[in-house]
Amino acid sequence: MRLARRPFLIAAAASTVASAARPARAADPEVLVIGAGVAGLAAARTLMAARVNVQVIEARDRIGGRVVTDATTFGFPVDFGAQWLDAARTNPAVAILRELNLRPIADRDRQALYVGGREAPPEEYARYEKIAGEASQKLGEALKKAPDVAVGRVLVPQDLLERLAYAMVGPLESGVELDTLSARDFFRQPEPNPEITVAEGLGTAVARWGAKVPVTLGSRVVRIDSTGPQVLVVTTTGQFMARTAIVTVPTGVLATGQFGFAPQLSPARREAIAQLPMAAYNKIVVSFGQRVLDAPANRAVLGMTRREQVFDAVVRPQNRDAAMVFVGGTVARQIEEEGGGAAASFALSALAEIYGDKIRSQVVRSHATRWIRDPFARGAWSMATPGNVDKRTVLAQPHHDRVFFAGEATDLVGGGRVGGAFASGVRAAQEAMAVLGVKRPGGGPPAGPAPRR
Ligand SMILES: Cc1cc2nc3c(=O)[nH]c(=O)nc-3n(C[C@H](O)[C@H](O)[C@H](O)COP(=O)(O)OP(=O)(O)OC[C@H]3O[C@@H](n4cnc5c(N)ncnc54)[C@H](O)[C@@H]3O)c2cc1C
């Protein structure tokens, strides 16, 4: 049960916007991969291992997508996107760290609970545990009675501590509020512990792991036309042709309609995109000139401000005079919408309630992510609306036989997460290889027909 994890085991880390020299263009590609996030890179690497010519096309000027480390702003690596690989015993993306020989670190301590700036007394910790356990049971029971239900119909908080506990199901875990969160989509995910990260930052690791993949950067795809003998991919910097293509862009990008397909996407796929909207989740990082935060290194905090807004945080990450504050759901949307200094102001107020107003005069710098505004993400990750978990499977189906879909949103187990992105990339690469008649690496049988799930 995800609720149970944070009080006992938390992990966090840091990293950089790393970009390494890489081959920009493959000769005569057989597969075009749209997007150089984890899904696109995993697809490309799977194809490269099978000696298939692949070309990745990426709109940003870097690879990694929603996994990105900033190593310069704060003097230590900070992941602005994904930071932890959860369910590490089964998470396929752990292969990235293994390949790079990176040792996982523990970067979040036991979580402290704060309401209105006051730490919860011991009995409230015990009650929090009880609420979390019962919430899990209630959701499990509800899913025995119905195929799916909005979490908010089952978990109705009666007091502030329940609101705090349920926030670890909704906004702070899933990036959506309880009334729009599918209990089935939440429960589909494996138990998150153990969660791991690396000192260099997950984004740094992904950038290194993907460095040998041929990627054309700064090239935004606007249209994919598979009506001719070859798939034609039209971008803002030119055109590409290949026998097949793999699309890995987030559902938030697909939903804008700025990404055209010929033939058009089926109504079922368009509905799937609509029912897998992007969640809201942002990080606000603040650094201080002195040790003004009276907390041990890697202190994890789950808090509710005096204005009853929930957040969680890692205070003094890696023993630095800094804090990373995380917001999700409505709070994240409101802060991002407001813009300007709203994010820093929220984080400072939340921290000042706990550590005192003296912290305000010691701020050195701050930065807030804005993933909803990001034109190449449009949000943090996909979450199915209630009753629509199966839409992940619909989205994963090939389009017009030669255009395959990957990306976190298409994975039934790891949807929303890095592990799901990785698995989906490998799956789509195998589907493309089946069409190309390519054998899997290692001389095994051809990949077989694309699974129709
Ligand atoms: C703040 C935050 C925290 C997170 N924390 C975690 C975490 O701790 N653990 C975890 O497992 N997951 C976490 N996630 C989710 C995780 O980052 C994603 O699920 C995963 O990285 C998605 O990978 P992807 O390859 O499917 O998509 P992306 O990484 O989004 O890759 C898609 C690529 O397509 C590119 N693109 C978009 N449009 C176009 C276009 N028109 N033409 C060409 N290219 C285009 C994008 O620039 C991008 O590089 C977090 C996400 C956020 C935002």
Side-chain angles (χ1 to χ4, degrees), residues 10-13 32-44 56-68 78-88 91-94 108 172-175 189-190 192 195-197 201-203 206 210 215-224 233-237 240 245-254 256 258-260 278-285 324 326-328 332 368-372 374-383 395 405-411 414-425 428:
I10 303 239
L32 297 170
V33 176
I34 323 303
V38 169
L41 295 171
V56 182
I57 307 165
E58 168 57 50
R60 301 179 198 269
D61 59 2
R62 59 166 180 83
I63 65 170
R66 284 172 274 164
V67 190
V68 54
V78 175
D79 275 313
F80 285 160
Q83 188 162 346
W84 295 283
L85 296 181
D86 55 7
N91 190 325
V94 171
R108 276 193 292 191
L172 296 177
E173 178 66 38
S174 305
Q189 305 167 76
E195 287 184 312
I196 59 172
T197 189
L202 204 54
V206 166
V215 184
T216 300
L217 294 172
S219 190
R220 183 166 68 84
V221 172
V222 292
R223 186 170 171 79
I224 298 185
V233 173
V234 182
T235 81
T236 45
T237 61
F240 295 78
I246 297 175
V247 178
T248 75
V249 306
T251 52
V253 172
L254 292 171
T256 61
Q258 291 166 5
F259 199 105
M278 300 298 281
Y281 190 81
N282 273 319
K283 300 186 175 185
I284 311 159
V285 190
M324 302 176 70
F326 309 129
V327 287
T369 62
R370 302 178 89 187
W371 285 104
I372 305 167
D374 184 312
F376 308 124
R378 303 273 179 187
W381 53 74
S382 66
M383 283 306 290
L395 188 63
F405 274 73
E408 52 83 8
T410 66
D411 195 79
R417 323 298 295 169
V418 172
F422 187 102
S424 75

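Note that ligands are numbered from 1 as they come in the structure, with each ligand's atoms numbered from 1 the same way.
The side-chain contact (heavy atoms from CB on, under 4.5 Å) test applied to A380 returns Y281, not counting sequence neighbours. For A59, the side-chain contact (heavy atoms from CB on, under 4.5 Å) criterion is met by R220, F376, not counting sequence neighbours.
Ligand 1 lies within reach of P250, whose nearest heavy atom is under 4.0 Å from it.
By the criterion of a heavy-atom distance under 4.0 Å, the side chain of F259, and not its backbone, is placed next to ligand 1. No part of T235 comes within 4.0 Å of ligand 1, judged by heavy-atom distances. Proximity of V253 to ligand 1, defined as any heavy-atom pair under 4.0 Å, is confined to the side chain (atoms from C-beta onward).
Looking at E408 next to ligand 1, an N or O pair under 3.5 Å apart turns up.
Of the protein's non-hydrogen atoms, the one nearest atom 31 (O) of ligand 1 is G37 CA, 3.4 Å. For atom 17 (O) of ligand 1, the nearest protein heavy atom (residue, atom name, distance) is R66 O, 3.1 Å. At the shortest separation from atom 7 (C) of ligand 1 among protein heavy atoms lies W84 O, 3.5 Å.
The distance from ligand 1 to the heavy atoms of I57 drops below 4.0 Å at these ligand atoms: 43 (C), 44 (N).
Atom CD1 of I57 and atom CD1 of I246 lie 11.5 Å apart (nearest 0.5 Å).
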